Amino acid sequence: MYNYQKIEEKWQKYWEKHSELCRADDESHAKKQYILDMFPYPSGHGLHAGHVESYTATDIISRYSRMKGFNVLHPQGWDAFGLPAENYAIKTKTHPSITTKKAIVAFKKQMRMMGFSYDWSREINSSDPSYYKYTQWFFLLLYKNGLAYKKQGKVNWCDSCQTVLANEQAENGTCERCKNPVTQKDLEQWYFKITDFIEDNGQTSGLLSGLDKVDWPESTKTAQKHWIGKSEGSIIKFKIKSLNIDSKFFLEVFTTRVDTIFGCTYVVVAPEHELINNYKLQITNYHEVKKYVEQAKKKTDLQRMAETKEKTGVKLEGVEGINPFNNETIRIFVADYVLAHYGTGAVMAVPAHDQRDFEFAKKYDLPIRKVILPPVLLNIPRNAEEIRTEAECFIADGELTNSGEFSGLTSEQARKKLIERMEKEKIGIKKINYKLRDWLVSRQRYWGAPIPIIYCEKCGEVPVIEKDLPVELPTDVDFMPTGESPLVNSKKFQNVKCPNCGRQARRESDTMDTFVCSSWYYFRFADPKNKKEFTSKEMIKKWLPVDLYVGGAEHTVLHLLYARFFTKVLHNLGHIDFDEPFIKLRHQGTILAEDGRKMSKSLGNVVNPDDVVKQYGADALRLFEMFIGPLEDTKPWNTRGIIGIVRFLERVWKLKLRITNYPEAEQVTNNKIEKLLHQTIKKVSEDIEALKFNTAISALMILVNEIEKQKELPIDNYKLLVILLSPFAPHLAEELWAEFGNKESIFKQSWPKYNSDLIKEEKIILVIQINGKLRDTINVVADISEDEAKKIAFESEKIKKWLEGSEVLKIIFVKRKLVNIVVKD
RNA sequence: GCAGGCGUGGCGGAACUGGUAUACGCGCUAGCCUUAGGAGCUAGUGGAAUAAUCUAUGAGAGUUCAAAUCUCUCCGCCUGCACCA
């Protein structure tokens with residue numbers, strides 16, 4: 001039995017003393033490798049199984065890369081600002097800086113316990129003034145370039161967190177943090193102009209096209225594309241008519257399906273649409289309309305969504321629209337199934353070819369006019385005149401009918417022609433629409449980076465002068481939430497002179513969304529102590545972009561989109577010469593509890609890394625989490641399974657007893673083991689590079705199984721095995737390495753190269769098939785010729801028996817693999 | 001509904017560009033050792049059959065000499081987005 005507790009503690013101490021072992025060297029000319037974890041939010045719960053999984057993966061690659069001779073940057077830091085810390089502070093009535101500090105100490109201790117090889121000399125903390133000074137600098141950079149602005153508008157408001165939220169944080173109508181329903185408020189807030197970077201911007205690739213050049217999971221790329229939500233269509237202008245008089249005003253609708261324009265039997269506007277107010281006097285049932293609008297506005301997104309089955313709306317009496325293509329007069333409705341913030345907030349309804357319009361038309365008994373026939377190819381009956389059910393509502397492209405001169409064209413052809421005519425007659429234009437809106441970054445909370453803006457009665461909105469950064473977060477503040485930023489109440493904080501005119505002014509009291517802090521932290525690691533710049537040009541050139549980024553898939557749209565935006569801004573303004581921050585990205589899969597459910601405190605099924613390490617050791621936990629399955633898969637924890645890893649480590653340890661160290665001349669050359677060793681070097685190296693740790697470990701197990709079967713164990717073979725194991729089980733490897741009489745850390749060793757001559761198999765098992773079924777296997781020399789192989793195949797007794805009385809039609813030979821004899825049945 | 005992905009023993013999972021399905025590990029069975037064992041060692045372990053052999057990668061079809069792998073249809077599961085016109 002090896003005493004993992006003693007050994008692990010011993011080497012953790014050693015590594016702490018010899019921090020140069022994992023230091024990223026600014027001076028070195030060796031090829032760099034920037035391997036990054038998503039810096040954690042230091043919560044009071046400590047590391048969980050998921051942290052251990054991704055951090056172990058990057059640790060293995062970092063140790064491996066260093067041994068390969070790369071200059072590795074593998075840093076760690078703290079995403080320390082944020083609502084949870086503040087909420088926790090409110091609950092415990094302790095200042096968030098104190099609880100955060102405590103949590104960081106605990107996290108670091110656990111990371112040390114796991115044997116992670118971070119370069120701690122580069123540790124950063126986003127809540128430290130020396131860090132958020134540059135978060136504020138970034139705000140000013142954006143501000144000065146017209147990319148940060150304030151505007152009044154509808155925003156998502158979380159009543160429980162007492163703050164506004166970005167769209168990305170209000171998914172499904174609930175707050176991303178506390179899961180409470182989000183309501184809409186009309187407020188003036190700060191935004192970043194992320195929409196300027198959807199498409200290519202000068203030399204800078206856009207958020208869409210940039211995705212084509214990075215090595216990211218396909219699902220993440222499509223999720224981002226989906227979030228950006230590009231759709232190509234057109235805006236069509238409907239003239240408005242009231243009291244039988246044509247008005248000068250137009251109602252603009254956005255559609256991707258101009259080809260269905262002749263099927264438009266009414267139009268619908270969102271409850272927030274300006275038309276309602278502008279035509280207040282003309283709308284004869286204004287009271288009814290107003291009542292509906294007010295009800296709709298009161299509903300949260302969640303409530304609106306809960307009603308998706310039942311569409312509601314009110315007809316605007318007294319006003320009508322005119323379809324510019326056929327001059328037909330049509331009804332106008334207000335309904336909350338139309339969203340104010342998408343497109344123009346108004347749609348042309350084509351009930352025959354849109355499910356939502358169909359539902360609405362059915363309910364209010366509106367005309368349904370079929371204008372698209374399914375393509376002949378699809379073999380769908382084309383003549384059913386009436387559309388009675390949703391299923392008959394054909395929503396795909398097809399062939400136009402009932403569409404005047406456009407009848408007979410395909411949807412695609414028709415769109416082209418219709419847009420041409422529209423633009424010629426100035427009744428509409430081609431238009432690209434996006435779902436992505438600008439990023440709302442201000443928060444009415446305390447625990448965040450203050451927005452560096454000053455309001456002066458005379459000069460208005462004035463940016464803080466760069467040399468006055470950081471605008472420090474006051475500590476003498478009551479941080480209980482009131483809906484207004486707690487900073488409003490800090491006299492010390494508010495007492496400021498206008499940088500322009502010197503008059504008494506007041507500071508912006510909102511803080512920034514924490515996602516702003518995490519949008520640029522990967523730059524800071526390259527130059528964490530810089531007091532003059534966020535990172536020097538030189539260090540950016542040296543270390544960035546990030547070569548490998550590993551983290552949870554929950555950041556698919558939020559953090560990863562924002563970080564890309566920041567990088568693109570820097571590129572666009574000439575600060576850096578790359579426009580994508582993360583070359584290769586991978587997500588670790590969720591580790592479920594043993595019962596197959598998510599680990600959660602309330603279910604009481606959480607596996608605490610501390611307990612596992614105590615019972616089995618850190619090396620065992622590292623190996624186990626890597627062994628249970630592919631990194632990116634969701635996989636359940638298995639307490640029994642870890643026993644297998646413990647046994648494996650014990651067996652490696654016990655190999656010590658079998659070392660046979662004879663003089664060179666007498667050394668028995670053990671071909672089998674030698675070959676397997678080199679095959680294992682190849683396999684483990686390739687697997688680490690492909691992040692296939694589970695199969696790398698299984699290759700090591702196969703090697704150990706084989707070594708155990710041998711009588712002799714030359715020390716060199718053992719050494720090689722231990723080196724191969726070292727990135728996975730660093731503590732055990734160091735200990736054995738020392739026992740071999742080495743004075744230096746094993747991580748000073750260079751990674752072994754395999755001998756490609758040695759791993760070639762000179763004998764293979766040739767598979768003999770008859771009609772594709774395995775009938776015999778024969779041991780032959782690997783590069784056996786086709787003729788020879790066929791000859792041997794037919795000499796086999798088994799094959800002879802199988803072939804009795806059959807007529808051979810064909811013989812397939814696959815080099816180094818098989819002979820397949822095809823016979824007539 | 002849309003998008004992305006998945007479906008292989010009792011369980012976690014292997015299987016490179018189609019070429020011996022079930023590597024490795026857990027569990028299980030038998031034996032050895034032991035006062036004892038949640039320890040160690042040895043052997044076995046997809047299913048059916050005494051065996052030869054047959055049969056198995058969610059279901060069904062197709063392409064192929066050969067399919068877990070490629071194509072189509074269906075079923076089931078997971079993840080993300082979701083009244084986005």
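Letters go in sequence order (proteins before strands), and every chain restarts at 1. This structure is a prediction, so every number in the text was calculated from the model and none was measured.
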With no angle test and no hydrogens, is the base of B:G40 tied to the side chain of A:E650 by a donor-acceptor pair under 3.5 Å?
no
Can you list every salt bridge (charged side-chain N to carboxylate O under 4.0 Å, His left out) pair that touches residues 344-354 of chain A, not counting sequence neighbours?
A:D354-A:R356
Are any side-chain N or O atoms of A:H587 and backbone N or O atoms of A:V550, one a donor and one an acceptor, separated by less than 3.5 Å?
no
Among B:C81, B:A85, B:U20, which is the nearest nucleotide to the side chain of A:W227?
B:C81
Nearest-angstrom distance from the residue atom CG of A:D336 to P of B:A85:
18 Å
From CD of A:E218 across to P of B:G80 the rounded distance in Å is 18 Å
Should A:T220 be listed as having a side-chain N or O under 4.0 Å from OP1 or OP2 of B:G4?
no
What nucleotide, of B:A85, B:A66, B:C24, holds the atom closest to the side chain of A:N820?
B:A66
Side chain of A:R640 - closest among B:C54, B:C26, B:C24:
B:C26
State, with a plain yes or no, whether a side-chain heavy atom of A:L211 is found less than 4.5 Å away from one of A:R564.
yes
Just say parallel, tilted or perpendicular for the rings of A:Y337 and A:F360, cut-offs at 30° and 60°.
tilted
Under 4.0 angstrom between A:Y337 side-chain N/O and B:A85 OP1 or OP2
no
Classify the nucleic acid contact of A:I702 as base, sugar-phosphate or nothing, counting any heavy atom under 4.0 Å across all strands shown.
sugar-phosphate
Output the single nucleotide from B:C83, B:C81, B:G25 whose closest atom is nearest the side chain of A:K311.
B:C83
Does B:C81 have OP1 or OP2 under 4.0 Å away from a side-chain N or O of A:K225?
no
Quick one: which of B:A85, B:C65, B:U20 gets closest to the side chain of A:K810?
B:C65
When you measure from the side chain of A:Q615, which nucleotide among B:G19, B:C54, B:G38 comes out closest?
B:G38
Pairing partner (Watson-Crick or G-U wobble, both distances under 3.5 angstrom) of B:A15
none
Which pairs, protein N/O on one side and nucleotides 12-17 of chain B N/O on the other, fall under 3.5 Å?
from, atom 1, to, atom 2, distance (Å)
B:G12, O2', A:I628, O, 2.5
B:A14, OP1, A:N694, ND2, 3.0

In whole Å, what is the span from the CD atom of A:E594 to the P atom of B:C11?
15 Å
B:C26 phosphate, OP1 or OP2: any side-chain N/O from A:R647 under 4.0 angstrom?
yes
